[in-house]
There are 2 protein chains.
Amino acid sequence: MARKKSETETSTETAETTRRAPMRDFSRSLPMSLLRAREAVMRQFRPSLRNHGLTEQQWRILRALTTVDAIEVTELARVAFLLGPSLSRILRDLEARQLIERRTAKADLRRAVVSISAKGLKLIEAVAPTSEAIYAEITSRYGARKLAELQDMLGVLERSLVAMEVAGEEGGEIEE
Amino acid sequence: MARKKSETETSTETAETTRRAPMRDFSRSLPMSLLRAREAVMRQFRPSLRNHGLTEQQWRILRALTTVDAIEVTELARVAFLLGPSLSRILRDLEARQLIERRTAKADLRRAVVSISAKGLKLIEAVAPTSEAIYAEITSRYGARKLAELQDMLGVLERSLVAMEVAGEEGGEIEE
DNA sequence: CGATTTCACTTAACATGTTAATCATCTCCC
DNA sequence: GGGAGATGATTAACATGTTAAGTGAAATCG
C-alpha cells in the first residue's frame, strides 16, 4: 500500500504524500522525545559556550569543579555524568590549557584529585552570566512550576529504570 | 571554607565530607536531567541492539525506513534526528552490509533515495520483539498515563524552545 | 609475606556528534 | 543559455560516546 505515485502533483516532490503520516509512532518514542528535548535545550547554550572555546562536556566538568574544593576522577565522572575514557581525555586537555589542576592522592597513588584553577574560575565567571540568562529565559517561557514538575517526572523515570535493571539481573549472570 | 582536613576521619577518604551536599544545583539542571533520563532508557535497549550488531543510530535509521517505501537522505536525517555527516557515514556502512538500498533520484541527480532491503527488514523483525518487550516493561513500570504526560511535556518544551530561537534572531543577524 | 584479585585510571579502537569545507547539481535571473 | 548563487550530499577534522584491554597500585587471602 501507499504506492501511488501522486499523479495529481507537480512531480518534483514524489513521495511527499507517502511519508507524512506513518512515521508518527516512531518519532514519538520515548528515547526520541528525550533526545529532541535535550537537543532543543542544548542548542540554546552551545553558541555561548563555543564563543568561550568550551564544549558542553568541558563546561560540565568545570561547572562541577566550582562546587567542590577538589574531587577524585571517578567521583567527578559520576557527578558530571561522563564515562571514564571521555573524562580522561577531557581532563588531559583542560590540564594542558591550565584550566584545572591535578595531583595524585598521597594515601592512594592510584587516585588522582582534580580541582579548578584560577584561570578556570575566571573562564567560568565569564560564561556564567549568559548561561544563567538563557536558563532563566527557558524557565520563564516554559514555566517554573512546569519545569520543576518535568524534572520530577524525569527523576522518577530514571529511578524506575534503575530498579528495572536490578530486577533483570537477579538470577545470577555469573557466566563471565 | 570547607578546607578542614577532617582530622576525625580515617583519612583514606579525604574530602568525603566536603563534596556530598553542594553539588545538587548543578546535577539537577534541566540538561542533566534530560541526559540522565535518556541514558537510563537507552541502557535498557543497548544490550539487545548490540547482540544484533546494531548501534542505537543504525537502529533508528532502519526503524524509520520500515515506515516508508523510500525516503530522501535529508528527510531521513530529519526523521531519524541525525546530522547529515553522521547519516552519511552510517548509510555507507549499512549499504555495505546490504541492509539498505540507495539510488539517485531521476529528476534531481543531487538527491539520493534510500530504502530498506529484505535483509534489513529481516534484521528489524528479529530485534523488534525484544525492543517492544522492553518498551512495554518501561511503560508498565512508569505508568502508561504518566508516560504519555511526560512526552507531552517534552513536546511542549521542545516547541517553546524553538520559539525562543526564532525570537533571538528576529533583529537581523545578517553579519555573515 | 606473596600470589591473586580488585581497583583507579588510562589507552585503544571504533562509532557518532559537530562544524566547516568541498563537490556536484540545480535554480534563478538577466 | 550562461553565470552567480542556492541546494543536496559527502568529506574533513576534531571532540565525545562506548566497549575492551592495558597499567600500576592497593587490598585480600592463603
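A, B, ... follow the sequence lines: proteins, then strands. Residue 1 opens every chain. Worth saying up front: this structure is predicted, and the values here are computed from it rather than measured.
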Expressed in angstrom and rounded to an integer, what is the separation of [X] atom [atom1] from [N] atom [atom2]?
X        : N       : atom1 : atom2 : result
Leu83(A) : dA20(D) : CG    : P     : 12 Å
Leu94(B) : dA15(C) : CG    : P     : 11 Å
Glu39(B) : dT19(D) : CD    : P     : 8 Å
Ile61(B) : dA15(C) : CD1   : P     : 13 Å
Arg43(B) : dT19(D) : CZ    : C1'   : 14 Å
Leu82(B) : dT10(D) : CG    : P     : 13 Å
Glu72(A) : dA26(D) : CD    : P     : 13 Å
Arg60(B) : dG17(C) : CZ    : P     : 6 Å

Item to complete: State yes or no: do Leu65(A) and Val113(A) share one hydrophobic cluster built from I, L, V, M, F, W and Y residues joined by side-chain heavy-atom distances below 4.5 Å, directly or via other members?
Response: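 Per the 4.5 Å side-chain linkage, Leu65(A) and Val113(A) are not co-clustered.
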
Item to complete: Indicate if Trp59(B) and Leu121(B) have the same hydrophobic cluster label, given that clusters are the connected sets of ILVMFWY residues with side-chain heavy-atom separations under 4.5 angstrom.
Response: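 Yes, because Trp59(B) and Leu121(B) connect within a single hydrophobic cluster, where side-chain heavy atoms sit under 4.5 Å apart.
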
Worksheet item: Closest nucleotide of DNA chain C for Ser86(A) versus for Arg50(A): which of these residues is on the 5' side?
Response: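 Closer to the 5' end of DNA chain C: Ser86(A).
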
For [N], does either OP1 or OP2 sit under 4.0 Å from a side-chain N or O belonging to [X]?
X         : N       : answer
Arg46(B)  : dT18(D) : yes
Arg102(A) : dT10(C) : yes
Thr55(A)  : dT16(D) : yes
Gln57(B)  : dG17(D) : no

Please list, pair by pair, any protein nitrogen or oxygen found under 3.5 Å from a nitrogen or oxygen in nucleotides 1-7 of chain D.
{"from": "dT7(D)", "atom 1": "O2", "to": "Arg110(B)", "atom 2": "NH1", "distance (Å)": "2.8"}

Worksheet item: Which of these, Leu87(B), Leu91(B), Leu76(B), sits in a side-chain contact (heavy atoms from CB on, under 4.5 Å) with Leu82(B)?
Response: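 Among Leu87(B), Leu91(B), Leu76(B), the one meeting side-chain contact (heavy atoms from CB on, under 4.5 Å) with Leu82(B) is Leu87(B).
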
Worksheet item: Is Glu149(A) paired with Arg145(A) through a side-chain N to carboxylate O contact shorter than 4.0 Å?
Response: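 No salt bridge links Arg145(A) with Glu149(A).
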
Worksheet item: Ion pair present between Arg46(A) and Glu39(A), side-chain N to carboxylate O less than 4.0 angstrom?
Response: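 Yes, this pair counts.
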
Closest to side chain of [X], choosing from [options]:
X        : options                   : answer
Val73(A) : dT10(C), dT16(C), dT11(D) : dT10(C)
Ser88(A) : dA9(D), dC26(C), dT10(C)  : dT10(C)
Gln58(A) : dT16(D), dA15(C), dT11(C) : dT16(D)

Worksheet entry | Contacts of Asp152(A) that satisfy side chain to side chain donor-acceptor pair (under 3.5 Å) - sequence neighbours left out |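 If we apply the side chain to side chain donor-acceptor pair (under 3.5 Å) test to Asp152(A), skipping adjacent residues, there are no hits.
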
Worksheet item: Counting any heavy atom closer than 4.0 Å, what does Ile90(B) reach on the DNA or RNA strands: base, sugar-phosphate only, or nothing?
Response: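 Sugar-phosphate, no base atom in range.
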
Worksheet item: Does Gln98(B) CD have over 12 foreign heavy atoms under 6.0 Å away?
Response: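 Atom CD in Gln98(B) is not packed in, count stays at 12 or less.
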
